[in-house]
J.: 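My structure is below; once you've seen it, I'll send some questions.
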Number of protein chains: 2
Amino acid sequence: MSVQSGPPAADQATPELEAYTLLRQVNSMMDTYNRFDLRSEDLTVPQFMILNYATADGVPLSEISARMLCDNSNLTGIVDRLISKGYVQRRPDPQDRRVSLICLTAAGAEKLRRIKPRHHARVSRRMRSLSEAQVHELRNLLQQLFAGLQEPVGEDDSPSA
Amino acid sequence: MSVQSGPPAADQATPELEAYTLLRQVNSMMDTYNRFDLRSEDLTVPQFMILNYATADGVPLSEISARMLCDNSNLTGIVDRLISKGYVQRRPDPQDRRVSLICLTAAGAEKLRRIKPRHHARVSRRMRSLSEAQVHELRNLLQQLFAGLQEPVGEDDSPSA
DNA sequence: GTAATTCCTTTCCAGATCGAACTATATCAC
DNA sequence: GTGATATAGTTCGATCTGGAAAGGAATTAC
């Protein structure tokens, strides 16, 4: 605003920044809705996610954290809470004693069976403002963006900074 | 992949769910990158966001929380930390004594001036995997989705649940 | 004016998150 | 085997987050 001469100040305005800002906002709103939905089930969003990744046979904690793109240390506490609610349990892996398998209990499976379809339906319903073709388009763009983000990112612009 | 006979289990598979899952993942990765970028500047992501919304003249805390789509109560602590770092300060609003204005200090403005352009450049660079047209397309889709999310959401599907 | 209501902010608590340090186990090098 | 390295999970401290409750202040109803 106070820069004279060239108009480089227009704060953000690049389509990339706008897209990213919107992505954050959409994510935030979806999260708020999900939190609200799951509240009546006495589950938090991360608790529900872990429940979705756990199986009766057991899944290593680090496999879950990898899929959730978070650190192992996050899950310790969340799993503790799920255990206290009776939805999962920890079992040592006989093959690798470092591993603790997260096992869905019968109660957990039942809970999941009851609320997962409804939750998915709600998520889909909230995207009704997009046509079927637009949903596909969005998914493809995000897929491409996600793939691009996995690469090490060759620094090139502003090499001096 | 391993599903035999009837595919009733296909777990998610709807384009909506896939799109939403990708949106979460992209957001998560972008956030990780941002956190890493700002770390060398001794700033967290939310601290940086507040810095971006604050002005020298002062902005009501609730205006910032509205823009950040978060609760007022979140910002109290973050602002406290920014104050202890000397980047903002609180000033009472003479017009409305309930309001506390968040004011960018000279040090805060200087910090922002130094890191904001670089940060924006990095965000843009991370979206290089999309063409210019695709970025526009993504922005438009997210804009439409965001607008749709603001509406009260007329419950229609699964009305009995 | 007073009372009721609404609004702005802070405080408190539970939960989640990251990052670093630590323990235990596994694997590799030799 | 021993030692170095890597991996799995936990613990801890700092930060962020939402939600509820409380305080002070503005606004409205009367």
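A note on names: the letters A, B, ... follow the listed sequences, proteins ahead of strands, and every chain is numbered from 1.
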J.: Under 4.0 Å between a side-chain N or O of A/Arg39 and OP1 or OP2 of D/dA20?
T.: yes

J.: Hey, are A/Asn72 and A/Ser62 close enough side-chain-wise for a donor-acceptor pair under 3.5 Å?
T.: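 Judged by distance alone, the side chains do not pair up.
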
J.: Answer with base, sugar-phosphate or nothing: what part of the nucleic acid does B/Leu75 contact at a heavy-atom distance below 4.0 Å?
T.: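 Answer is nothing: B/Leu75 stays at 4.0 Å or more from every strand.
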
J.: Is there a donor and acceptor pair closer than 3.5 Å between the side chain of B/Ser73 and the base of D/dG19?
T.: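 Pair found.
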
J.: How would you label the contact of B/Thr76 with the nucleic acid (heavy atoms, under 4.0 Å): base, sugar-phosphate, or nothing?
T.: base

J.: Closest nucleotide of DNA chain D for B/Pro46 versus for A/Glu63: which of these residues is on the 5' side?
T.: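 The residue closer to the strand's 5' end, by nearest nucleotide, is A/Glu63.
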
J.: Provide, to the nearest angstrom, the distance between the CG atom belonging to B/Asn72 and the C1' atom belonging to D/dG23.
T.: 14 Å

J.: Would you say a side-chain N or O of A/Arg97 is under 4.0 Å from OP1 or OP2 of C/dA24?
T.: no

J.: Send over the distance from A/Asn27 CG to D/dT17 P, rounded to a whole Å.
T.: 12 Å

J.: Rounding to a whole Å, what distance do you find between A/Gln95:CD and C/dT27:C1'?
T.: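 Rounding to the nearest Å, CD of A/Gln95 and C1' of C/dT27 are 16 Å apart.
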
J.: What's the CG-C1' distance between A/Asp71 and D/dT10, to the nearest Å?
T.: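 A/Asp71 atom CG is separated from D/dT10 atom C1' by 11 Å.
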
J.: On DNA chain C, does the nearest nucleotide to A/Asp96 precede the nearest nucleotide to B/Val99 from the 5' side, or the other way round? Give the residue.
T.: B/Val99

J.: Are B/Arg114 and B/Glu41 ion-paired here, with the side-chain N under 4.0 Å from a carboxylate O?
T.: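 Looking at B/Glu41 together with B/Arg114, the answer is yes, because their closest N to O distance falls below 4.0 Å.
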
J.: Checking side-chain polar atoms at under 3.5 Å, does B/Ser73 have a donor or acceptor matched by the opposite partner on B/Asp71?
T.: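 Checked: B/Ser73/B/Asp71 side chains pair up, N/O donor to acceptor below 3.5 Å.
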
J.: Go through D/dT10, D/dA8, C/dT10 for me and flag the one nearest to the A/Arg98 side chain.
T.: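 My answer, after comparing the listed nucleotides, is D/dA8.
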
J.: Which nucleotide, D/dG18, D/dT15, C/dT9, lies nearest any side-chain atom of B/Thr44?
T.: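 Minimum distance to the B/Thr44 side chain belongs to D/dT15.
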
J.: Between P on C/dC18 and CG on B/Asn34, what's the gap in Å once rounded to a whole number?
T.: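 So the CG-P distance, B/Asn34 to C/dC18, works out to 13 Å.
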
J.: Between B/Asp31 and B/Arg35, is the closest basic N to carboxylate O distance under 4.0 Å?
T.: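 Judged by the 4.0 Å cut-off on N to carboxylate O distance, B/Arg35 and B/Asp31 do form a salt bridge.
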
J.: For D/dT17, does either OP1 or OP2 sit under 4.0 Å from a side-chain N or O belonging to A/Arg35?
T.: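 No, because none of the side-chain N or O atoms of A/Arg35 sits under 4.0 Å from OP1 or OP2 of D/dT17.
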
J.: Whole-Å distance between C/dT17 P and B/Arg24 CZ?
T.: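 That distance rounds to 8 Å.
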
J.: To the nearest angstrom, how far is B/Ile50 atom CD1 from D/dT15 atom C1'?
T.: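 Value for this atom pair: 12 Å.
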
J.: Side-chain N or O of A/Asn74 less than 4.0 angstrom from OP1 or OP2 on C/dC18?
T.: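 Yes, because at least one side-chain N or O of A/Asn74 sits under 4.0 Å from OP1 or OP2 of C/dC18.
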
J.: So, is A/Ser62 close to the D/dT7 phosphate, meaning a side-chain N or O under 4.0 Å from OP1 or OP2?
T.: no

J.: Starting at CD1 of A/Ile78 and ending at P of D/dT10, how long is that distance when rounded to a whole Å?
T.: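 In whole Å, D/dT10 P lies 12 Å from A/Ile78 CD1.
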
J.: Using side-chain heavy atoms (C-beta onward) and a distance below 4.5 Å, is A/Ile50 in contact with A/Leu82?
T.: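 Sidechains of A/Leu82 and A/Ile50: in contact.
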
